[in-house]
Amino acid sequence: MKIYAVGGAVRDELLGLPVKDRDYVVVGATPEAMIKLGYRPVGRDFPVFLHPQTHEEHALARTERKVARGYHGFEFHAAPEVTLEQDLARRDLTINAIAKDAHGGIIDPFHGVADLKAGVLRHVSPAFAEDPVRILRVARFVARFGFAIATETRDLMRQMVEAGEADALVAERVWQEVARGLMEKKPSRMLAVLRECGALSRIMPQIDALLDDASAGAAALHALDAAAAADAALEVRFAALLRVLDPLAVQALADRLKLPAACRDLALLAARHANVIADAAQIDADTLYEILEAADAFRRPGRFAELVNAALAGEAAAEPARARLLQALAAAAAVDAGAIARNSAGSAAIGERVSAARLEAVRKELKNTV
């Protein structure tokens with residue numbers, strides 16, 4: 001039995017990047033032998049085990065065969081006779097098909113080290129075309145590393161889209177990969193790759209249509225990258241990208257991708273209010289207060305701050321607008337709603353009186369800062 005470190009940990013170590021999670025391939029073992037050594041089985045689709053001390057994942061060397069369309073249409077074979085090279089051959093890119101033995105020796109049958117040095121993403125074998133998720137992974141790696149895609153890999157990705165492979169992707173898997181790509185250093189690169197190979201129109205047609213407009217598309221990508229540069233949360237980045245879309249288009253995309261509620265709601269708020277928020281340094285107190293109420297800023301100030309960040313990402317005059325919005329929010333939030341409630345005769349009038357008091361507080365606060 002031999003154990004090898006594989007995948008992203010080896011790649012990142014060779015790039016001089018921090019290594020978070022380490023994965024291992026075990027050659028020459030059986031599930032029974034692993035369990036006897038104290039490894040705990042966790043794999044459902046194929047034999048994966050957790051190390052008894054480190055709890056790092058150890059998978060038995062395996063091959064795979066495409067038996068049906070889509071991400072789940074694979075049949076796996078794990079056995080002691082499967083070699084390390086056979087296991088590496090099933091991986092997506094050469095830079096992810098590098099292994100390291102227990103003595104630090106590098107095993108690189110597909111020349112991934114050379115591609116790392118050249119900054120190239122290249123598929124290992126024609127089997128790349130059997131898994132449409134790999135299109136998303138390549139786009140995500142471009143966003144992370146800024147590497148070029150080998151010509152033959154670009155061509156293969158286009159062929160996969162034309163063959164309908166991208167149509168077989170399930171919404172949850174698409175969002176999982178897209179969300180990870182949005183959290184990379186330059187997420188606009190991911191969208192550019194997906195658009196170039198034709199996948200964007202299949203999986204996120206609303207964004208593809210947005211990028212058809214050169215001016216609006218460029219502004220959206222700039223906002224997305226600005227949010228990424230500010231180390232914004234996923235919800236903020238996604239909302240910054242979609243803020244110029246019609247809310248109906250945002251809702252359609254949310255339904256298509258089965259978005260988490262936090263991402264959906266912030267994107268919808270940005271689509272409805274981003275333009276006004278961007279003009280906050282010039283608009284009157286009454287309009288500012290309308291934004292606060294519409295965005296539920298008093299009950300959810302944290303989300304309102306995210307909305308402001310999404311609406312102003314990449315905007316040249318962001319700080320004056322942000323300062324005036326926060327000034328208005330602070331003035332309105334300082335109103336003692338409890339005291340108003342105690343002095344109100346009926347519950348029906350409480351909300352109106354609180355709103356009126358908050359609006360007046362905003363007017364007073366901003367009267368000299370229009």
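Atom set for the values below is all heavy atoms of this structure, side chains included, hydrogens, waters and symmetry mates excluded. Quick note: residue numbers are just sequence positions, from 1.
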query = After noting the C-alpha distance and the side-chain angles of Leu224 and Leu191, does the key distance pass the side chain to side chain contact (heavy atoms under 4.5 Å, CB included) rule?
reply = CA-CA 11 Å; Leu224 171 60; Leu191 299 177; 3.9 Å; yes
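- Here the closest non-hydrogen pair linking Val138 and Leu93 is CG2-CD2, 3.9 Å.
- Defined by atom type and a distance below 3.5 Å, a donor-acceptor pair is present between the side-chain atoms of Thr153 and His123.
- In this structure, the side chain of His273 does not engage the main chain of Ile291 through any donor-acceptor pair within 3.5 Å.
- When the shell of 6.0 Å around CG of Asp212 is examined, it contains more than 12 heavy atoms from other residues, nucleotides or ligands.
- Residues satisfying the salt bridge (Lys or Arg N to Asp or Glu O under 4.0 Å) criterion with Asp12, sequence neighbours excluded, are absent altogether.
- Between His58 and Tyr24, the ring planes are parallel. Angles under 30° get that label, and only those over 60° would be called perpendicular.
- In the hydrophobic clustering of ILVMFWY residues, with side-chain heavy atoms under 4.5 Å counting as a link, Val82 and Val48 come out apart.
- There is no side-chain donor-acceptor pair under 3.5 Å between Gln327 and Arg324.
- Here the CZ atom belonging to Arg303 is positioned 5.0 Å from the CG atom belonging to Leu269, to the nearest 0.5 angstrom.
- Side-chain N/O atoms of Asp155 and Gln159 include no donor and acceptor closer than 3.5 Å.
- A pairwise comparison of heavy atoms in Ile106 and Val113 identifies CG2-CG2, 4.2 Å as the closest pair.
- Listed here is the closest heavy atom pair of Arg144 and Lys185: O-CD, 4.2 Å.
- Applying the salt bridge (charged side-chain N to carboxylate O under 4.0 Å, His left out) definition to pairs two or more places apart or across chains, those involving residues 198-209 are Asp167-Arg202, Arg195-Asp208.
- The distance from atom CG of Leu194 to atom CD1 of Ile207, rounded to the nearest 0.5 Å, is 9.5 Å.
- For Arg322, the salt bridge (Lys or Arg N to Asp or Glu O under 4.0 Å) criterion is met by Glu319, not counting sequence neighbours.
- Members clustered with Phe110: Tyr4, Val6, Val25, Val27, Leu84, Leu88, Ile107, Val124, by chain and number, using a 4.5 Å side-chain heavy-atom cutoff among hydrophobic residues.
- With hydrogens and angles disregarded, a donor-acceptor distance shorter than 3.5 Å links the side chain of Arg243 to the backbone of Ala313.
- Here the OG1 atom belonging to Thr54 is positioned 10.5 Å from the CZ atom belonging to Arg22, to the nearest 0.5 angstrom.
- Taking CZ of Arg122 as the start and OG1 of Thr151 as the end, the distance is 8.5 Å to the nearest 0.5 Å.
- When every heavy atom of Ala357 is checked against every heavy atom of Ile340, the shortest pair comes out as CB-CD1, 3.6 Å.
- Considering all non-hydrogen atoms of both residues, Glu235 and Cys263 come closest at CG-SG, 3.7 Å.
- Side-chain N or O atoms of Asp279 include none that pairs as donor or acceptor with a backbone N or O of Ile283 at under 3.5 Å.
- If you take CZ on Arg189 and CZ on Phe147, they are separated by 10.5 Å, rounding to the nearest 0.5 Å.
- Across every non-hydrogen atom of Ile135 and Cys197, the tightest pair is CG2-SG, 3.9 Å.
- Residues that satisfy the salt bridge (Lys or Arg N to Asp or Glu O under 4.0 Å) test with Glu290, not counting sequence neighbours, are absent from this structure.
- Although no hydrogens or angles enter the test, the distance criterion places a donor-acceptor pair under 3.5 Å between the side chain of Ser201 and the main chain of Gly198.
- The aromatic rings of Trp175 and Phe238 sit perpendicular to each other, their planes meeting at more than 60°, with 30° as the lower class boundary.
- For Arg62, there are no salt bridge (Lys or Arg N to Asp or Glu O under 4.0 Å) partners at least two apart in sequence or on another chain.
- The environment of NE2 in His111 is sparse: at most 12 heavy-atom neighbours from other residues, nucleotides or ligands sit within 6.0 Å.
- Put simply, CG on Leu288 and CD on Gln282 are 10.5 Å apart, with the number rounded to the nearest 0.5 Å.
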ask   = What's the verdict on side chain to side chain contact (heavy atoms under 4.5 Å, CB included) for Arg358 and Leu292, showing C-alpha distance, side-chain angles and the deciding distance?
value = CA-CA 10 Å; Arg358 285 172 171 169; Leu292 298 177; over 6 Å; no
